[in-house]
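Note sheet for the following structure.
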Amino acid sequence: MLRTRLCDVLGIEVPVIGAPYGPYEQVDLAAAVCRAGALGSLGTAVRPVADLRRQWARMRELTDRPFAVNHTLRPLDEEAFQATLDERPAAISFHLGVPDDLVERAHDAGIRWIQQVMDVRQAEQAVRAGVDVIVAQGGEAGGQGGEVATMVLVPQVVDVAEGIPVVAAGGIADGRGLAAALALGAQGVSIGTRLLASTEMNIAEEWKNRIVAAEARDTVKLAHSDRFMPPFSRPGGYAFPRSLRTPFLEEAEAHPERVRPAEAGPRIVAAVLSGRGHEFLPFTGQSAALVHDVLPAAEIVRRIVDEAETALRRAADAYTPGTAH
């Protein structure tokens, strides 16, 4: 079975991380990913702490394997972060900023830190902060991210990581993506859009079906998301979300001045918490073009690893040093 140093750092069997989905409840998915030997993740955004504790308790009922809890600077909920430290998951993942003080608090609690970055500057900050894993997320990714393409960003981050395992994210939905990430010097991949279209993911079937039907150009970067997304709780955070189109987003991008932040933000949060978030903001990456069905998470993880091994063998067979091709 394919294994890298990332597996040793996180205590997992295969070099795959299931991405977190902010406010969306994903316990069943995360547990299935963990049972498949990968690292499952749980989001925390805009969820009450009591709800998060219930999720964590259920997660531990479903699996005794390592998992990660995610936080962001959009916004950072200090109560939820402290509750996470008290819960002591195997890892905390974080994006939209590199908070040195939070990294130190996690390490003091014996928790690994997985830092997502969107450019090489953030990667250098992550190295200085002493993080345990760096996720280099390209602009192809769904949700909140940057603009640099994965193929460009990953080797840049590998070059400055000083031995910290690098994980590639953005545009990866099958084993060829994992094989390519390893060739670029990464130690594994983080999978988001492909796992949204899984049996266990607790989102509307309409959203999953749209992912299966989507082409890469059906997803768009949102230039005016600050009009309706939660504000950053610390300076220096930035992101340009990617989503499938909806009537709300079409209007917001064409006429941002018509979107009233005080009304739009709470309206979207309420929709997300009631299971209707996809009607406004169905975060989805360009890798939707590589997703052709809805499958159990364990099968998705297995296929990615098997396909990567096959792709790496084929690449080795296709090239002989010193031989012209």
Side-chain angles (χ1 to χ4, degrees), residues 19-26 41-55 69-84 92-99 101-102 116 118-119 122 137 139 141-147 192-193 196 201-204 206-207 210 218-285:
Y21 303 112
Y24 292 95
E25 197 280 312
Q26 62 180 104
S41 301
L42 300 174
T44 60
V46 306
R47 289 276 179 179
V49 172
D51 186 17
L52 297 177
R53 288 196 175 104
R54 285 192 293 270
Q55 289 188 25
V69 173
N70 178 257
H71 290 270
T72 82
L73 287 185
R74 194 173 204 173
L76 175 68
D77 184 328
E78 171 58 34
E79 184 184 2
F81 186 80
Q82 183 57 53
T84 303
I92 289 175
S93 64
F94 203 94
H95 65 288
L96 308 185
V98 185
D101 57 323
L102 302 186
Q116 181 173 298
M118 296 177 284
D119 57 37
Q122 282 192 335
Q137 187 201 49
Q144 303 185 69
E147 297 180 288
T193 298
L196 277 175
M201 184 56 196
N202 186 26
I203 58 173
E206 177 186 350
W207 187 356
R210 286 195 66 189
D218 292 333
T219 70
V220 291
K221 276 287 192 183
L222 306 175
H224 302 290
S225 60
D226 284 349
R227 303 289 295 180
F228 50 83
M229 294 290 290
F232 290 98
S233 54
R234 294 188 180 192
Y238 74 98
F240 303 92
R242 182 181 293 279
S243 173
L244 292 168
R245 293 179 175 87
T246 64
F248 168 80
L249 293 178
E250 297 279 9
E251 176 74 6
E253 290 299 296
H255 303 285
E257 74 282 357
R258 297 180 185 175
V259 179
R260 298 178 180 178
E263 184 273 334
R267 182 182 176 198
I268 291 174
V269 169
V272 167
L273 297 180
S274 65
R276 298 184 298 104
H278 64 286
E279 297 175 8
F280 295 88
L281 196 58
F283 285 151
T284 302

message: Show me the pairs that pass side-chain hydrogen bond (donor to acceptor under 3.5 Å, both in side chains) and involve residues 256-272, at least two apart or across chains.
response: Glu251-Arg258
- request: Not counting sequence neighbours, which residues clear ring-ring contact (aromatic ring centres under 6.0 Å, His included) with Tyr21? List them please.
  value: none
- request: Compare all side-chain heavy atoms of Ile92 with those of Thr84 and state whether any distance is below 4.5 angstrom.
  value: yes
task: Would you give the length of the straight line joining atom CZ of Phe240 to atom NE2 of His224, rounded to the nearest 0.5 angstrom?
output: 11.0 Å
field: Euclidean distance, Glu25 CD relative to Gln55 CD, rounded to 0.5 Å
entry: 5.0 Å
task: Looking only at non-hydrogen atoms, find the nearest pair between Ala83 and Val49 and report the distance.
output: CB-CG1, 3.9 Å
- line: One should read off an interatomic distance between Asn70 CG and Gln116 CD, to the nearest 0.5 angstrom, of 8.0 Å
- request: Under the side-chain hydrogen bond (donor to acceptor under 3.5 Å, both in side chains) rule, collect the residues that match up with Gln144, sequence neighbours excluded.
  value: Arg74
query: Is the backbone of Gly285 close enough, under 3.5 Å, to the side chain of Thr193 for a donor and an acceptor to pair up by distance?
result: yes
- prompt: Do the side chains of Glu253 and Arg245 get nearer than 4.5 Å, heavy atoms only?
  reply: no
field: Closest contact, heavy atoms only, Pro261 versus Pro266
entry: O-CD, 3.8 Å
message: Can you confirm whether Leu102 sits close enough to Leu76 that some side-chain heavy atom of one is under 4.5 Å from a side-chain heavy atom of the other?
response: yes
message: Could you report the tightest heavy-atom contact between Pro256 and Arg227, atom names first, then the distance?
response: O-NE, 3.2 Å
Under 3.5 Å: donor-acceptor pair, side chain of Arg242, backbone of Gly139: yes
statement: What one should report as the nearest heavy-atom pair of Ser225 and Ala239 is OG-O, 4.2 Å
- prompt: Do Arg210 and Thr246 come close enough that some side-chain heavy atom pair is under 4.5 Å?
  reply: yes
task: Return yes if some donor-acceptor pair links the side-chain N/O of Ser243 with the main-chain N/O of Pro282 below 3.5 Å, else return no.
output: yes
- request: Scan for ring pair (Phe, Tyr, Trp, His ring centres under 6.0 Å) pairs involving residues 244-274, sequence neighbours excluded, and state none if there are none.
  value: Phe228-Phe248, Phe248-Phe280
- line: All heavy atoms of His278 vs all of Ala204, minimum pair found to be CE1-CB, 3.3 Å
statement: In short, Pro23 meets Arg47 closest at the heavy-atom pair O-NE, 2.7 Å
message: Tell me every residue that passes ring-ring contact (aromatic ring centres under 6.0 Å, His included) with His95, counting only those two or more places apart in sequence or in another chain.
response: none
- prompt: Do the ring planes of Tyr24 and Trp207 sit parallel (below 30°), tilted (30 to 60°) or perpendicular (above 60°)?
  reply: perpendicular
query: Within the side chain of Gln122, is there an N or O that forms a donor-acceptor pair under 3.5 Å with the backbone of Val98?
result: no
query: Between Leu222 and Leu281, is any pair of side-chain heavy atoms under 4.5 Å apart?
result: yes
task: Kindly compute the distance separating CG (Leu52) from CG (Asp77), expressed to the nearest 0.5 Å.
output: 8.0 Å
Separation between CZ of Arg276 and CD1 of Ile203, rounded to the nearest 0.5 Å: 15.5 Å
- request: Quick one: pull up NE2 in His71 and OG1 in Thr44 and give me the separation to the nearest 0.5 Å.
  value: 4.5 Å
field: Listed partners of Gln26 passing side-chain hydrogen bond (donor to acceptor under 3.5 Å, both in side chains), at least two apart
entry: none
